[in-house]
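Below is one structure, written out as structure tokens, with a few remarks after it.
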Amino acid sequence: MRKYLPEIIIGFIPVLIAFLIYIGLNVVPVLLMGVLGFAVVYAARSRGKMTALPRQQGRSNAKMTPFTFEQIGGQERAKQELVEALDFLVHQERIAKLGIRPLKGILLSGPPGTGKTLLAKAAAQYTDSIYLAASGSEFVEMYVGVGAGRVRDLFKEARTKANKAGKSSAVIFIDEIDVIGGKRDGGQQREYDQTLNQLLTEMDGIHANESPRILLIAATNRKEMLDSALLRPGRFDRQIEVDLPDKKGRLHILNIHANNKPIAEDVNLDRIASESFGFSGAQLESVMNEAAIYALRFEDDMISERHLTMAIDKVMMGEKTDRESTKEERERVALHELGHAIMAELVRPGSVSQVALSPRGKALGYVRHNPQADQYLYTKPFLNEQIMIALSGAAAEEMFYGDRSTGSRGDFEQSINIVKTLVESGLTDLGIVDSSMMTKEAWAHINRSILDELMVQTKTLLEQKRDVFTKSLETLLLEETLSGEHFRRLLKAHTAA
Ligand code: ATP
């Protein structure tokens, strides 16, 4: 019965119209509405098909730009896990003999710019497959059914291209899968649901003995947002974390991107790798590129340490700006930055690498800290000190002006994020709590109590160094940038005095 539903509807409509005319009703407006509705749906569908075409033509194909795992820095564990999974595809007979179910999907999750796209490209190369890439946002349309149509077209295209190229497999890479694969909310977003359903259907249609074999690789920065239907076994069978690189990984990535650039002999990439803690692969690539641009700007033939240091500052804080500030503003910024630097030296001696007054990105001044060893666990005292360093800019302004300025906004944001970490790690007086159950009032209360107490401690410590502020201010205003050593000399001299 369901099978013949369209035919039944088509047959029923003329009968209904004839009946309405027979009983004397004016059917013209209804007919016009029907024709209009049909035209809108038809236009939307054909638009979906038409717009899909240029994108498909533009999709990158691994055949054109071979990319191997050797060209990916760090990520050793992710690469190893991925290769193990891909061997399912490479050694198909052995896998079939053991009766292992074919691998249908691999999910790469991790922060932006960590090399997920590169891993997918290398996977296509490793398995000698056709590579097709799309982004979740390409499937988002206002009209119901268009996204689902695009998913269908993508799988069809992969099969056709693989057949044409004589390949036995195809890798489809979908970036930002969370856009279409987010948790379904039961009816409001029908378009998204249909697109996701289509993707699930296509994945279910992947069989061990089909040729070409399709492997879906998807990437996301927000795995927790994904619908559980996507994550169950038989769909994305392998889930691989692609984390920010550690120091060894960062050095490897820097070396890869230094390969095609003239680097001066005295450059110590190991130091650059230490200084760039928390950088993603994309940021490290940008550091090398910006350093080369600085070399060009200063008409140097080689990239030197100076260029690389400037490039790190630029990637971390943004480009230097020409913002002219008034004398009063500069003085306030200088005291604010001295506050950060003095507090950093008090709680972590030797940690300041530079105090600068030059405006960069959104900041009017900044303090750069020496790299610490890669650290993934933090204790409560460490996080408290971190908050005190962040609050010390505002504390210094209060000490000298009796008020604060908008310059502390970023510092407060950082402090509040640290409080969040403290709460979620059970490191506050609240004990072990489920933070999702906490009310806004409870959050406001815990933020206030922690930050107020640390602000008092910060001010007490800084007050003891009032002389250092007044005596270093002029030097900083004059020189604009103080190296860590220079600042520590001032701190020592004025403390002793
Ligand atoms: P997003 O989640 O934002 O899509 P992604 O994780 O897919 O990011 P990629 O597109 O793979 O990141 O990386 C962006 C660029 O950063 C690459 O083109 C490359 O130049 C550089 N890069 C990132 N990670 C690495 C790495 N591990 N080794 C070498 N280069 C890297």
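Atoms considered below: every heavy atom in the structure, side chains included; atoms not considered: hydrogens, waters and symmetry mates. Numbering of ligands and ligand atoms starts at 1, following listing order. Numbers for residues simply follow the sequence, beginning at 1. Keep in mind that what you see is a predicted model, and the values were worked out from it rather than measured.
Residue Q71 places no N or O, backbone or side chain, under 3.5 Å from any N or O of ligand 1.
Counting only heavy atoms of the protein, atom 27 (N) of ligand 1 lies nearest to G73 O, 2.8 Å. Counting only heavy atoms of the protein, atom 2 (O) of ligand 1 lies nearest to K116 NZ, 3.0 Å. Protein heavy atom at the shortest distance from atom 14 (C) of ligand 1 is A282 CB, 4.1 Å. From the protein, the heavy atom lying nearest to atom 22 (N) of ligand 1 is G281 C, 3.6 Å. Looking from atom 7 (O) of ligand 1 to the surrounding protein, the closest heavy atom is T117 OG1, 2.6 Å.
For the pair R250 and F277, the cation does not sit on the ring face, since its NZ or CZ is not both under 6.0 Å from the ring centre and inside 45° of the axis. Under a cutoff of 6.0 Å and an axis angle of 45°, R404 and F412 do not form a cation-pi pair.
Between I312 and R368, some side-chain heavy-atom pair lies under the 4.5 Å cut-off. Using a 4.5 Å cut-off on side-chain heavy atoms (C-beta onward), L391 and L454 make contact. Residues V352 and L482 form no side-chain contact, since every pair of their non-hydrogen atoms from C-beta on lies 4.5 Å or further apart. Between Y366 and D313 there is a side-chain heavy-atom pair separated by less than 4.5 Å.
Remark: ligand 1 atoms within the under-4.0 Å shell around heavy atoms of L118 are 11 (O), 17 (C), 19 (C), 22 (N), 25 (C), 30 (N), 31 (C). Those atoms of ligand 1 that come under 4.0 Å of a heavy atom in G113, given as number and element, are 1 (P), 2 (O), 3 (O), 5 (P), 6 (O), 8 (O), 12 (O), 23 (C), 24 (N).
For atom 29 (C) of ligand 1, the nearest non-hydrogen atom from the set E285, Q75, H257, K121 belongs to H257. The residue from G115, P245, G249 that puts a heavy atom closest to atom 13 (O) of ligand 1 is G115.
In this structure, H340 contributes its side chain and E337 its backbone to no donor-acceptor pair below 3.5 Å.
Taking a cutoff of 4.0 Å between a charged side-chain nitrogen and a carboxylate oxygen, K247 and D270 qualify as a salt bridge.
Under 4.0 Å from ligand 1, the heavy atoms of D175 that appear belong solely to its side chain. Counting heavy atoms under 4.0 Å from ligand 1, residue N221 touches it through the side chain alone. When non-hydrogen atoms are compared, ligand 1 lies under 4.0 Å from neither the backbone nor the side chain of E176. Contacts between I72 and ligand 1 below 4.0 angstrom, taking non-hydrogen atoms only, involve backbone and side chain alike.
Side-chain contact annotation: H486 with S483, donor-acceptor N/O pair under 3.5 Å absent.
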